[in-house]
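Data first, discussion second: the structure below is written as structure tokens.
All ligand and atom numbering here is 1-based and tracks the order in the structure. Side chains included, hydrogens not; waters and symmetry mates left out as well; all remaining heavy atoms used.
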Amino acid sequence: MTRFSGKSVIVTGCSNGIGRATAVLFSRYGAQVTITGRDSERLEVTKEKMLKAGALPQNINLVVANLTDPNGQDHIIQSTLKALGKIDVLVNNAGANIVDGTSNTDQSIDLYHKTFQINFQSVVEMIKKTKEYLIKTKGEIVNVSSIAAGPQALPMAPYYAASKAALDQYTRCVAIDLIQYGVRVNSVSPGAVSTGFLTAMGLPEQAQQKAESFIASHKECVPAGVLGKPEDIAELIVFLSDRKRSSYIIGQSIVADGGSTLVAGMHAHDLHDMLGL
Ligand code: NDP
């Protein structure tokens, strides 16, 4: 008997990064997991890693679907019910900082719609559609937000930042509504984590490495001096999905960011360094 044996879990955005690490960790703890994303080849890689972590093949339900398409959402939910029989945990992890060449205040309205569709609307729709099943199991929902939600500004990507801020407030509202039925809702807010996130923004691998090493080596970016690993966030998601370990946490967004949100640029520097003492 392992920590999640007998539990049926949906993790969205499993073909890469944080979602993949989360699916693998759930497998290690004996869960039955629906893994989903648009890229079938990368989902197969996730499946291989889950099998290596000890998952039985019948405990992995692989669904290729676009989460911004209502039919894709229905497919994920119905195939989970058919293959795994119920839903105990919904992890709304899929998300993206979509780019189209516009930035800052000039970001296009088309980009606004696409950004909100994946980062906010798809979460709202998945929660509305799974609510009845999660009430039956007295289940858990974990949303994946971001420190981009603020209060610090992210002027380059205002729609991404605002979509995550909307998600945080939605998490709080839904948490208080659903706890009356025994369903717990929380979220995690990662800082900079090394995943496919920058690649999905169209950055070539070399540029991605350059950006990551800049962030890690500047203490006003990440005081811990390292980028987070997908596994760091997966541990937190699994903790919030585990009623035995986190039952009294309701509607919170737990930050895991190596200290990033605690430093304003000038505060990261030592007065002695500024004065050359
Ligand atoms: P990745 O790009 O590595 O993974 C994103 C996942 O989301 C992929 O599996 C992708 O699957 C899926 N996805 C994106 N769009 C869709 C869609 N329309 N339909 C279905 N699936 C979709 O990024 P991360 O692992 O970093 O991101 C995971 C979450 O963490 C996101 O919500 C992100 O905003 C958040 N986050 C990440 C941070 C970071 O520094 N990495 C920091 C803070 C928050 P596919 O391409 O196969 O469709």
Looking only at heavy atoms, which two atoms of Ser8 and Lys86 are closest? And how far apart?
-> OG-O, 2.5 Å
Could you tell me how the ring of Phe120 sits relative to the ring of Phe116: parallel (under 30°), tilted (30 to 60°) or perpendicular (over 60°)?
-> perpendicular
Is the closest side-chain heavy-atom distance between Ser15 and Arg38 below 4.5 Å?
-> no
Measuring from the heavy atoms of Ala65, does anything fall under 4.0 Å of ligand 1?
-> yes
Are Val24 and Ile237 connected in the hydrophobic side-chain network, where two residues link if heavy atoms are under 4.5 Å apart?
-> yes
Ignoring hydrogens, just give me the one of Ser40, Ala192, Ala234, Gly191 whose non-hydrogen atom is nearest atom 38 (C) of ligand 1.
-> Gly191
For Gly17, the ligand 1 atoms whose distance to one of its heavy atoms is below 4.0 Å | 3 (O), 25 (O)
Give the residue, atom name and distance (to 0.1 Å) of the protein heavy atom nearest atom 25 (O) of ligand 1.
-> Ile18 N, 2.8 Å
Over all atoms of both residues, closest heavy-atom pair of Pro158 and Asn104 | CG-O, 3.6 Å
How long is the gap from CG on Leu111 to OH on Tyr160, to the nearest 0.5 Å?
-> 13.0 Å
Can Val123 be reached from Ile135 by stepping across I, L, V, M, F, W or Y side chains whose heavy atoms are under 4.5 Å apart?
-> yes
Where the closest heavy atom to atom 44 (C) of ligand 1 is concerned, which of Ser260, Ala94, Gly95, Ser145 has it?
-> Ser145
Nearest-neighbour protein heavy atom for atom 18 (N) of ligand 1, which is reported as residue plus atom name and distance | Asn66 OD1, 2.9 Å
With a cut-off of 6.0 Å (strictly less than), are more than 12 heavy atoms of other residues, nucleotides or ligands near NZ of Lys129?
-> yes
Atoms of ligand 1 less than 4.0 Å from Gly196 heavy atoms?
-> 1 (P), 2 (O), 3 (O)
CA sep, side-chain torsions, deciding dist, call: Ile87, Leu81, side chain to side chain contact (heavy atoms under 4.5 Å, CB included) = CA-CA 7 Å; Ile87 303 170; Leu81 293 170; 4.0 Å; yes
Any idea which of Asn93, Ile76, Val193 brings a heavy atom closest to atom 39 (C) of ligand 1?
-> Val193
By number and element, which atoms of ligand 1 are closer than 4.0 Å to a non-hydrogen atom of Cys14?
-> 9 (O)
Passes side-chain hydrogen bond (donor to acceptor under 3.5 Å, both in side chains), Asn61 versus Ser79? Steps please.
-> CA-CA 8 Å; Asn61 180 41; Ser79 105; 2.9 Å; yes
Pull out every atom of ligand 1 sitting under 4.0 Å from any heavy atom of Arg42, numbered as shown with elements.
-> 46 (O)
Protein heavy atom at shortest distance from atom 27 (O) of ligand 1 = Phe197 CD1, 4.2 Å
For Tyr160 and ligand 1, does the shortest N/O to N/O distance drop below 3.5 Å?
-> yes
Is the shortest N/O to N/O distance between Asp39 and ligand 1 below 3.5 Å?
-> yes
When Ile18, Asn16, Ile233 are each screened for side-chain contact (heavy atoms from CB on, under 4.5 Å) with Thr195, the one that passes is Ile18
Please state which protein non-hydrogen atom is closest to atom 48 (O) of ligand 1 and give its distance, to 0.1 Å?
-> Arg38 NE, 2.5 Å
Check if Lys164 has a non-hydrogen atom at a distance under 4.0 Å from any atom of ligand 1.
-> yes
Considering the heavy atoms of Ser146, write down every atom of ligand 1 situated less than 4.0 Å from one of them.
-> 43 (C), 44 (C)
For Ile118, the atoms of ligand 1 under 4.0 Å from one of its heavy atoms are 15 (N), 16 (C), 17 (C), 18 (N)
Identify, for atom 19 (N) of ligand 1, the protein heavy atom at the shortest distance, and state residue, atom and that distance.
-> Leu67 N, 2.9 Å
In terms of hydrophobic clusters joined by side-chain contacts under 4.5 Å, are Met50 and Val64 together?
-> yes
Nearest non-hydrogen protein atom to atom 9 (O) of ligand 1, with distance, is Ser15 OG, 2.7 Å
Measure the shortest side-chain to side-chain distance between Ile35 and Lys47 over non-hydrogen atoms and say whether it is less than 4.5 angstrom.
-> yes
How far is atom 30 (O) of ligand 1 from its nearest protein heavy atom, and which residue and atom is that?
-> Val144 CG1, 3.3 Å
Could you find the nearest protein heavy atom to atom 12 (C) of ligand 1 and give me its residue, atom name and distance?
-> Gly13 CA, 3.6 Å
